[in-house]
Amino acid sequence: MTPVATTFFFYFLAIMAIVSAIAVITRRNPVHAALALIVTLLSLAGFYLMLYAPFVAAVQIVLYAGGIMVLFLFVIMLVNLEQNIREYQFNKQWLVGLIASIALGALLLFVFRAGRGTFPSVFYQGYRGLEGDNTQQIGLALYGQYMLPFEIASLLLLVAIVGAVVMAKKRI
Amino acid sequence: MTDIMTLHYLVVAAALFMIGTIGVLTRRNVVIILMSIELILNAVNLNLVAFSRLYGLHGQVFAIFVITDAAAEAAVGLGIIIAFFRNKETVNVDEVDLLKW
């Protein structure tokens, strides 16, 4: 099987993801931020395809870029942001944010450097479900080994639906 | 041109995580803070799927659970935003100070 994961494609997707992620947190208009977030999510779906995870890529596009972002855009339309756009968009915490982010990045870089040997480049060999019947394998895992977490997740979604309806009601 | 290793994906995920952290800590608009949380969750998902390429399918299954949690969190968070906007006519987090007494 010829690899999909060409070097050019990886760097193209990485630059697209990071630039649009920066656009998400810097745009003044939340609609523009939501559109930039959609670009980030789609490039992450491309990453999942490169990593031979087609089912997760499809779920990412359908559920994230399709479902959750529509929810975000609905709420952006519902809350009237006309005067909010003209206000100052950042609080006074940029120094704290910068320090926290740099500390986090330094920690991650240290871990990556220290654990270099534990991230081997050889891919998992004794497993055939990664390329051919990925969706079937995920379904078997979800309904077999991960049965209880699956049911707990469905319960969580039910609670979230009830919670969202209660939150958005006029009179509680 | 070198081959793409797992480490490359981890570095991209770390960058996305840092950008999301900055967004959560510095923005005033609650909707964009929720979007930054989505960025952080996606960075974690990229890590999980990258490691599932190494160690088998479990990372992908867990990524699906993370996506489910993100959907639930977005629904409840946006419901809270709507309720809050109805009461105070604003979406800025630094004006949410009802409990700050």
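Chain A is the first sequence line, chain B the second, and so forth, proteins listed ahead of strands; every chain is numbered from 1.
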Novice: Answer with side chain, backbone, both or neither: which region of A:Ser154 has an atom nearer than 4.5 Å to a non-hydrogen atom of chain B?
Specialist: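 Interface part for A:Ser154: neither.
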Novice: Quick check: do A:Ile25 and B:Met35 have side-chain heavy atoms less than 4.5 Å from each other?
Specialist: no
Novice: Taking every heavy-atom pair that is under 4.5 Å apart, which of B:Ile82, B:Leu39, B:Val76, B:Asp69 has the most such pairs with chain A?
Specialist: B:Leu39
Novice: First locate atom CG of A:Leu78, then atom CZ of B:Phe85, and finally report the distance between them rounded to the nearest 0.5 Å.
Specialist: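 It comes to 9.5 Å.
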Novice: Given a strict heavy-atom distance threshold of 4.5 Å, which part of A:Phe55 is in contact with chain B: side chain, backbone, both, or neither?
Specialist: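 Interface part for A:Phe55: side chain.
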Novice: Would you mind checking which part of A:Ile18 comes under 4.5 Å of any heavy atom in chain B, side chain (CB onward), backbone (N, CA, C, O), both or neither?
Specialist: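 It is both, since atoms from each part get that close.
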Novice: Where do A:Phe10 and B:His8 come nearest, in terms of heavy atoms and distance?
Specialist: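 Result for this residue pair: CZ-CB, 3.4 Å.
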Novice: I need the minimum non-hydrogen distance between A:Val24 and B:Arg27, along with the two atoms involved.
Specialist: O-NH1, 4.3 Å
Novice: Which heavy atom in A:Arg27 sits nearest to a heavy atom in A:Ala33, and how many Å separate them?
Specialist: CB-N, 4.1 Å
Novice: So if I take each residue of residues 64-71 of chain A and look for any heavy atom under 4.5 Å from a heavy atom in chain B, which residues do I end up with?
Specialist: A:Tyr64, A:Ile68, A:Leu71
Novice: Which bit of A:Ala21 comes within less than 4.5 Å of chain B, counting heavy atoms only: side chain, backbone, both or neither?
Specialist: both
Novice: So for A:Leu108, is it side chain, backbone, both, or neither that comes closer than 4.5 Å to the heavy atoms of chain B?
Specialist: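 Looking at A:Leu108, just its side chain touches chain B.
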Novice: Please identify, among B:Leu46, B:Val61, B:Thr26, B:Ile33, the residue contributing the most non-hydrogen atom pairs under 4.5 Å to chain A.
Specialist: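 Most pairs with chain A among the choices: B:Thr26.
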Novice: What part of A:Ala100 gets closer than 4.5 Å to chain B, counting heavy atoms only: side chain, backbone, both or neither?
Specialist: side chain
Novice: Taking side chain as everything from C-beta outward and backbone as N, CA, C, O, which of these in B:Glu73 sits under 4.5 Å from a heavy atom of chain A? Side chain, backbone, both or neither.
Specialist: neither
Novice: Is chain A contacted by the side chain of B:Ala15, its backbone, both, or neither, given a heavy-atom distance below 4.5 Å?
Specialist: side chain
Novice: State, to 0.1 Å, how close A:Ala23 and A:Ala36 come at their nearest heavy-atom pair, and which atoms those are.
Specialist: CB-CB, 3.8 Å
Novice: If you look at every heavy atom in B:Arg86 and A:Lys169, which pair is closest and at what distance?
Specialist: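 Closest heavy-atom pair between B:Arg86 and A:Lys169: NH1-O, 2.9 Å.
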Novice: For the candidates B:Ile67, B:Val12, B:Ile22, B:Leu16, which exhibits the highest count of non-hydrogen atom pairs separated by less than 4.5 Å from chain A?
Specialist: B:Ile67
Novice: So, for A:Met50 and B:Tyr9, which heavy atoms are closest and what is the spacing to 0.1 Å?
Specialist: CE-OH, 3.4 Å
Novice: Does any backbone or side-chain atom of B:Ala70 lie under 4.5 Å from a heavy atom of chain A? Answer side chain, backbone, both or neither.
Specialist: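 Interface part for B:Ala70: both.
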Novice: Given that the side chain runs from C-beta out, which part of B:Phe51 has a heavy atom under 4.5 Å from chain A: side chain, backbone, both or neither?
Specialist: side chain
Novice: May I ask you to decide if the ring planes of A:Phe9 and A:Phe12 are parallel, tilted or perpendicular, using 30° and 60° as cut-offs?
Specialist: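 Ring orientation of A:Phe9 relative to A:Phe12: parallel.
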Novice: Show the numbers, then the answer: is there a side chain to side chain contact (heavy atoms under 4.5 Å, CB included) between A:Phe47 and B:Val49?
Specialist: CA-CA 9 Å; A:Phe47 277 137; B:Val49 178; over 6 Å; no
Novice: Under a 4.5 Å heavy-atom cutoff, which of B:Leu25, B:Asn42, B:Asn45, B:Thr21 has the most pairs with chain A?
Specialist: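 Answer, by heavy-atom pair count under 4.5 Å with chain A: B:Asn42.
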Novice: Is there side-chain contact between A:Ile152 and A:Tyr146, with at least one heavy-atom pair below 4.5 Å?
Specialist: no
Novice: Please look at A:Leu41 and chain B and tell me whether the side chain, the backbone, both or neither of the residue comes under 4.5 angstrom of a heavy atom of that chain.
Specialist: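 Side chain only.
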Novice: Can you tell me which residue among B:Ile32, B:Ile40, B:Ile19, B:Leu34 is in a side chain to side chain contact (heavy atoms under 4.5 Å, CB included) with B:Val24?
Specialist: B:Ile40
